[in-house]
Novice: 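Please find one structure pasted underneath; my questions will follow.
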Amino acid sequence: MNWDDASDPAGDRLVGTDADGEDRAVEAALRPKDLGEFVGQERVREQLDLVLKAARARGATADHVLLSGAPGLGKTTLSMIIAAEMGAPIRITSGPAIQHAGDLAAILSSLTEGEVLFLDEIHRMSRPAEEMLYMAMEDFRVDVIVGKGPGATAIPLELPPFTLVGATTRAGLLPPPLRDRFGFTGHMEFYAPAELQRVVHRSARLLDVEIADQGAAEIAGRSRGTPRIANRLLRRVRDYAQVKADGVITREIAAQALDVYEVDARGLDRLDRAVLTALLKLFGGGPVGLSTLAVAVGEERETVEEVAEPFLVREGLLARTPRGRIATPAAWEHLGLTRDAGAAGPAGTPPQQGLFGG
Ligand SMILES: Nc1ncnc2c1ncn2[C@@H]1O[C@H](COP(=O)(O)OP(=O)(O)OP(=O)(O)O)[C@@H](O)[C@H]1O
């Protein structure tokens, strides 16, 4: 799975990790503004706090920072916090937007002293731009090439000191020379339910929504460890609470609302459950090949592999083995099936363990 393949084939999913238009509109209002407000990620927060405090004490520009982690965990938010804590402006761009070294030169040469440059999906920059970035990060200088062929000349351009904040879904995707030029690397983890509960409470307060502790816990438990999803589910639950109740989000209201939206107690949506149900009911828990599984749920191979499976694997419900996909005991338990009953299938499909796994 390629986390960074932002073209999510099931992009309108309530539990999708990429930001949609509505997310973007609301996220600006929900972003924590300083490290104190930023929930969770204790280790990264503490380390970053030291880096920034030390830079401020020296009156220097902060070291370059690399943030790695899945989408929606708060990398953009943290980069804005870094700028705010340093009292510096921030410029936001992304790897795919920088296709030519010239694009990067234009951005770099217009930075002001101390400015934070946030480069999202930094691993998707073009190679020439990447090489230009090495020198810019290390020496605050770039060589702008003028002309072509034997007559081409490199004109050195001095840059003001700046802080690069790079974000990537996996630090391992970066070439070592780039990775080594960051003074600090923070790995963002998925959030624990209690942390997400705090995110939900905070967002509810900002959105002026009344929510009970158990209501926030119910949303948090279904948010797949991701604040972006928690905030999105909160908005849908708020709609439900307004239309079907008195606007207050209790545990029951949150559970009913998310059942309507087909996000189950563990955060699986319709697609995840379809994959798991097919694996259990039609193939006796596997092993079964990806293509067969995809046909069984009427989806593209890529959709099953890139959209549904990563979370199922992370949750320990499905395993990818050389012989095919297999369900774990937790999958049977989650769907309330037993091996024999499950393998019999809903419409009397014969058990198929022998055929597929044995
Ligand atoms: N630690 C946190 N505390 C409170 N809210 C958070 C936290 N992390 C993220 N959020 C909220 O989650 C939403 C998504 O965060 P953000 O855009 O920073 O994620 P991201 O990692 O940059 O995602 P992407 O990689 O897709 O750009 C924002 O609305 C932000 O307010």
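We count ligands from 1, going down the list as the structure has it; atoms in each ligand are counted the same way.
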Novice: Among the heavy atoms of D120, does any lie under 4.0 Å from an atom of ligand 1?
Specialist: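 Distance cut 4.0 Å: D120 passes for ligand 1.
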Novice: Using 4.0 Å as the upper bound for N to carboxylate O, is an ion pair formed by D264 and R222?
Specialist: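 Looking at D264 together with R222, the answer is no, because their closest N to O distance does not fall below 4.0 Å.
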Novice: Give the ring-plane orientation class for H64 versus F140, where under 30° counts as parallel, over 60° as perpendicular and anything between as tilted.
Specialist: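 Answer is tilted, since the angle falls between 30° and 60°.
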Novice: Closest by any non-hydrogen atom to atom 3 (N) of ligand 1: pick that one out of I229, T226, V39.
Specialist: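 Minimum heavy-atom distance to atom 3 (N) of ligand 1 goes to V39.
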Novice: Are any non-hydrogen side-chain atoms of L14 and D269 less than 4.5 angstrom apart?
Specialist: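 Answer no - side chains too far apart.
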Novice: Tell me yes or no: between the side chains of T76 and R31, is some donor less than 3.5 Å from an acceptor?
Specialist: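 No donor-acceptor contact under 3.5 Å links the two side chains.
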Novice: Less than 4.5 Å apart, side chain to side chain, heavy atoms only: is that true for L318 and T328?
Specialist: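 Heavy-atom side-chain distance check fails, nothing below 4.5 Å.
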Novice: Closer than 4.0 angstrom, basic N to acidic O: yes or no for R56 and E85?
Specialist: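 Between E85 and R56 there is a salt bridge, with a charged N closer than 4.0 Å to a carboxylate O.
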Novice: Is G40 close enough to touch ligand 1? Criterion: a residue heavy atom under 4.0 Å from a ligand atom.
Specialist: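 Not so, G40 does not reach ligand 1.
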Novice: For ligand 1, which atoms sit closer than 4.0 Å to a heavy atom of N231?
Specialist: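 Near N231, the atoms of ligand 1 are 11 (C), 12 (O), 29 (O).
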Novice: By number and element, which atoms of ligand 1 are closer than 4.0 Å to a non-hydrogen atom of Y191?
Specialist: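 Near Y191, the atoms of ligand 1 are 1 (N), 2 (C), 7 (C), 8 (N).
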Novice: Looking only at protein heavy atoms, which one is nearest to atom 23 (O) of ligand 1, and what is the separation?
Specialist: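 Protein heavy atom at minimum distance: G72 N, 2.8 Å.
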Novice: Decide whether an N or O pair under 3.5 Å exists between F38 and ligand 1.
Specialist: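 Such a contact does not occur with ligand 1.
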Novice: From atom 4 (C) of ligand 1, work out which of S203, A230, P32 has a heavy atom at the shortest distance.
Specialist: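 Going through S203, A230, P32 one by one, P32 has the nearest heavy atom to atom 4 (C) of ligand 1.
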Novice: I'd like to know if D49 pairs up with K53 as an ion pair, taking the criterion as any Lys NZ or Arg NE/NH1/NH2 lying under 4.0 Å from an Asp or Glu carboxylate oxygen.
Specialist: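 Judged by the 4.0 Å cut-off on N to carboxylate O distance, D49 and K53 do form a salt bridge.
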Novice: As an exercise, identify every atom of ligand 1 less than 4.0 angstrom from a heavy atom of P71.
Specialist: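 Under 4.0 Å from P71, ligand 1 has these atoms: 23 (O), 25 (O), 26 (O).
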Novice: Any donor-acceptor pair under 3.5 Å linking the side-chain atoms of Y134 with those of E130?
Specialist: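 There is such a pair (donor and acceptor under 3.5 Å, judged by atom type) between the side chains of E130 and Y134.
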Novice: Which residue holds the protein heavy atom closest to atom 26 (O) of ligand 1, what is that atom called, and what is the gap in Å?
Specialist: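 Result: R228 NH1, 2.8 Å.
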Novice: Specify side chain, backbone, both or neither for D18, according to which of its non-hydrogen atoms lie closer than 4.0 Å to ligand 1.
Specialist: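 The answer is neither; D18 stays 4.0 Å or more away.
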Novice: Are the charged groups of R43 and E46 less than 4.0 angstrom apart, N to O?
Specialist: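 Salt bridge: no.
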Novice: In plain terms, say whether R13 and D18 are close enough for a salt bridge, that is, a side-chain N and a carboxylate O under 4.0 Å apart.
Specialist: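 Looking at R13 and D18, the cut-off is not met.
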Novice: What verdict does the salt bridge (charged side-chain N to carboxylate O under 4.0 Å, His left out) test give for E218 and R251, after you've listed the backbone C-alpha separation in whole Å, the side-chain angles of each residue and the deciding distance to 0.1 Å?
Specialist: CA-CA 6 Å; E218 192 64 37; R251 195 198 69 74; 3.3 Å; yes
Novice: Taking both backbone and side-chain atoms of G74, is any N or O found less than 3.5 Å from an N or O belonging to ligand 1?
Specialist: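 It does: an N or O of G74 is found under 3.5 Å from an N or O of ligand 1.
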Novice: What pair of heavy atoms forms the shortest contact from I90 to A83, and how long is it?
Specialist: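 What the structure gives for the nearest pair is CB-CB, 3.8 Å.
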Novice: Just which atoms of ligand 1 are under 4.0 Å from any heavy atom in T76?
Specialist: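 Close to T76: 17 (O), 18 (O), 20 (P), 22 (O), 27 (O).
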Novice: Of K33, E121, R31, which has the heavy atom at the shortest distance from atom 16 (P) of ligand 1?
Specialist: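 Considering heavy atoms of K33, E121, R31, the nearest to atom 16 (P) of ligand 1 sits in R31.
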Novice: Can you pull out the closest protein heavy atom to atom 29 (O) of ligand 1? Residue, atom name and distance to 0.1 Å, please.
Specialist: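 Result for atom 29 (O) of ligand 1: E27 CG, 2.9 Å.
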Novice: Suppose I only count heavy atoms of L30 and a 4.0 Å limit; which atoms of ligand 1 are within that range?
Specialist: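 By the 4.0 Å cutoff, the relevant atoms are 31 (O).
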Novice: With nothing but distance in play, are any N or O atoms of K75 less than 3.5 Å from an N or O of ligand 1?
Specialist: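 So ligand 1 has an N or O lying under 3.5 Å from an N or O of K75.
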Novice: To check your reading of the model: name the closest protein heavy atom to atom 10 (N) of ligand 1, its residue, and the distance in Å.
Specialist: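 I find the closest protein heavy atom is P227 CB, 3.5 Å.
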Novice: T77 heavy atoms, cut-off 4.0 Å: which ligand 1 atoms fall inside?
Specialist: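 Ligand 1 atoms under the 4.0 Å threshold to T77: 15 (O), 16 (P), 18 (O), 30 (C).
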